[in-house]
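Written out below as C-alpha cells is the structure these notes cover.
To find a chain, count down the sequence lines: A is the first, B the second, and so on, and within it residues start at 1.
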2 protein chains.
Amino acid sequence: MKQFHEYQNPSLAVDLVVFGYHDNTLSVLLLNRREEPFKDCWTLPGGFLQMNETFRDTCSRILKTKVGMDNVFLEQLYSFDDLQRDPRGRVIAVGYYALINPARFSIIAGSMANDVKWFNVRKMPALGFDHREIFQLALQRLKSKILYYPVGFELLDELFTITELHELYECILQTTIDRRNFRRKILDAEYIINTGTKREGLQNRHPELYRFNRKLKKNNFQININIS
Amino acid sequence: MKQFHEYQNPSLAVDLVVFGYHDNTLSVLLLNRREEPFKDCWTLPGGFLQMNETFRDTCSRILKTKVGMDNVFLEQLYSFDDLQRDPRGRVIAVGYYALINPARFSIIAGSMANDVKWFNVRKMPALGFDHREIFQLALQRLKSKILYYPVGFELLDELFTITELHELYECILQTTIDRRNFRRKILDAEYIINTGTKREGLQNRHPELYRFNRKLKKNNFQININIS
DNA sequence: GCAAAAGTGTTAACGCTACACCCATGG
DNA sequence: CCATGGGTGTAGCGTTAACACTTTTGC
C-alpha cells in the first residue's frame, strides 16, 4: 500500500464571500487580481489551505492579511469541485461567507489601493472563476438564514434601533416588511434587549437602542414577508 | 513560484450517510472495517477522491462498488476538516447523504458478509473517526429538509399510499402528525398525484396509490408538526 | 355485522396582516 | 405648532389544529 500522502491530491482553497452593510446597502468585498488567471478581474478573496490549518483558520488568515479583519462571523457554505473550475489545475474550493460591520474596519477601499473594494450586491461586476456561483449561493443562504436565525446583528453596531434592524431586513430580503409587525415579531422572539438608552441628536423622536440577546432560548422565530 | 501541485495537500475523502427506509424504520448503512484504523469498528462508507472525479463521482463509485447501488439521491452536507479527525494523517472529508429505497437493492446484509449492515438510526453503535458527527448532521438535515422539500419519495416505492408517506414522516420526525391534516397538506401542495389505482389485497379498505409529482410548481409546502 | 383502516368535513382558536392612532423631538 | 419618524393597539381575516363522521374491505 502506498504511503498516505503519496497519492496525488487536489489543491484545497477557501473562497470568502464577505458581506458588509453600510448606508442601507448590502455589499460584498471583492479583490482585483494582479496575476493570471483572471488578471484584472474581480474575484472573491481566497487562498490555499495549509497543512496545519482548518478552513476557519485559513479564512481568518485571509481576512486578516488581505483585508485587515479579525474575529468575524463565519459560516461554511458549500464545497465546489468542478473539474474545470480553476485553469491552473484541480482546485477544490470550500466557500465560506462572513458577516462584518464595515464601520469596525478601516479598509473601505483603503490600504490596498484599488485592489479591494465593496460592491453593492445588486450591482456586481463579472467575477472570475466560479465566484459568481459562490456569491449567489451565499446571498441566498443569508436570505434564508436571516428569517430564522438572528444573524443580522453581525452586520450592525453593538447598539442599534429597531428601525435600523428593520431596514437591514428589507435590504437583504428586497421586500417591504410592515414596520409595526416586524417590531412585534422581533420583540416577541426576545432576540434583542432594550438598553434603556436612546439615540440622541435626531430631528425627531429619539428611538430606543437595543442590543442582541446572546442568551436566546429557542428557535421561536420566523419572519414572514409581505411581498409588495 | 512553486508549481501548482508541488504544494503538499491534505487527502480528500467522501463519507456517505446512506439512509434507507423499511418496515417503518429509518436506517443507515454502516461498514465494519477490516483494516486499521478503527479495525472492527462500524463506520460510514467512504473513500478517497481521485484527481479526475467530482465528489458526486466519488459517491457514485463508492455506492456502486461497496454496496451495489446506483443512481440515487445525493446531497452534499458539509466539509469536515478537524486536524486530528483521521489518525493516518491530514484527511478532509466531505460528507454527503443519500436516500435510497432498500427494496431496490439486494445487499441488505448480503454480498459483503458481515461487512455491510443497516442500523436503525435510533440504535446506532459507536462509530469510528468523526462519523457520529457526520451522521447526526445528516439526520438533522433530513429532518429539516423533509419539512419543506419533497424528499421522502426517494425512500418509498414508485407508488405509495398517503398512509405510507404519513408513516415515513412520523418516523423521520419522531412525532405524531394528524393523519387528516397531513393528507390535506400534502394534497394541497400538489406534491403527489393520484394514479387512480388502489393497493389490493388488504384486509380493509383499499387505499389509493399515488406517485410523486415531478413537475411541482413552487415551494408552497410546509409541514407543521404537532408535538404529542 | 364487525373490526380496521381510508377518505371527507367541520369548527373553534390562534396568528398574522393591515391598518389607525398617539408620542417625542427639532426647527 | 408642524413635520417627521418612533411607539402602541386592534379588528378582521386566513390558516391550522383538533376533532367526528362516513366509506370500504375481509372475515
Taking Arg56(A) for its side chain and Leu74(A) for its backbone only, find out whether a donor-acceptor pair lies under 3.5 Å.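 Judged by distance alone, yes, a pair lies under 3.5 Å.
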
State whether Arg180(B) places a side-chain N or O below 4.0 Å from either non-bridging phosphate oxygen (OP1 or OP2) of dT8(C).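 Indeed not, no polar side-chain atom of Arg180(B) lies that close.
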
Working to the nearest 0.5 angstrom, can you tell me the gap between Tyr191(A) OH and Leu165(A) CG?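 It comes to 12.0 Å.
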
Whole-Å distance between [N] [atom2] and [X] [atom1]?
X         : N       : atom1 : atom2 : value
Asp188(B) : dT16(D) : CG    : P     : 9 Å
Phe182(B) : dA18(D) : CZ    : P     : 16 Å
Asp178(B) : dG7(C)  : CG    : C1'   : 13 Å
Asn24(B)  : dA5(C)  : CG    : C1'   : 14 Å
Leu147(B) : dT16(D) : CG    : P     : 14 Å
His166(A) : dT8(D)  : NE2   : P     : 16 Å
Phe160(B) : dA6(C)  : CZ    : C1'   : 16 Å
Arg199(A) : dT4(D)  : CZ    : P     : 21 Å

Ring centroid separation for Tyr78(A) and Phe80(A), is it under 6.0 angstrom?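 Yes: the rings meet the under 6.0 Å criterion.
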
Quick check, are the ring centers of Phe153(A) and Phe73(A) under 6.0 angstrom apart?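 Phe153(A) vs Phe73(A): aromatic centres not under 6.0 Å.
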
Quick one: label Thr161(A) by what it contacts on the DNA or RNA (base, sugar-phosphate, nothing), any heavy atom closer than 4.0 Å.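 The answer is nothing, as Thr161(A) stays clear of every strand by at least 4.0 Å.
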
Nearest to side-chain heavy atoms of Asn181(B), which nucleotide of dT17(C), dA6(C), dA17(D):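 Selected nucleotide: dA17(D).
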
Can you tell which of dA18(D), dT8(D), dC16(C) lies closest to the side chain of Arg179(A)?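 Per side-chain heavy atoms of Arg179(A), the pick is dT8(D).
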
Please check if any side-chain donor atom of Thr54(B) sits under 3.5 Å from a side-chain acceptor atom of Asp57(B), or the reverse.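 Yes, Asp57(B) and Thr54(B) have a side-chain donor paired with an acceptor closer than 3.5 Å.
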
Whether the Glu190(B) and Asn213(B) side chains hold a donor-acceptor pair (N or O, under 3.5 Å, no angle test) is what I'd like checked.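 Per modelled atom types, Glu190(B) and Asn213(B) side chains form no pair under 3.5 Å.
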
Nearest nucleotide by nearest heavy atom, which residue falls closer to the 5' end of DNA chain D, Tyr210(A) or Arg184(A)?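 Its nearest nucleotide lies further toward 5', so the answer is Tyr210(A).
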
Under 4.0 Å protein heavy-atom contacts per nucleotide of nucleotides 22-27 of chain C, with B for base, S for backbone only and - for none: -BBBSS

Is it possible for you to check whether Lys117(A) lies under 6.0 Å from the centre of the six-membered ring of Phe119(A), through NZ or CZ, and within 45° of that ring's axis?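 Yes.
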
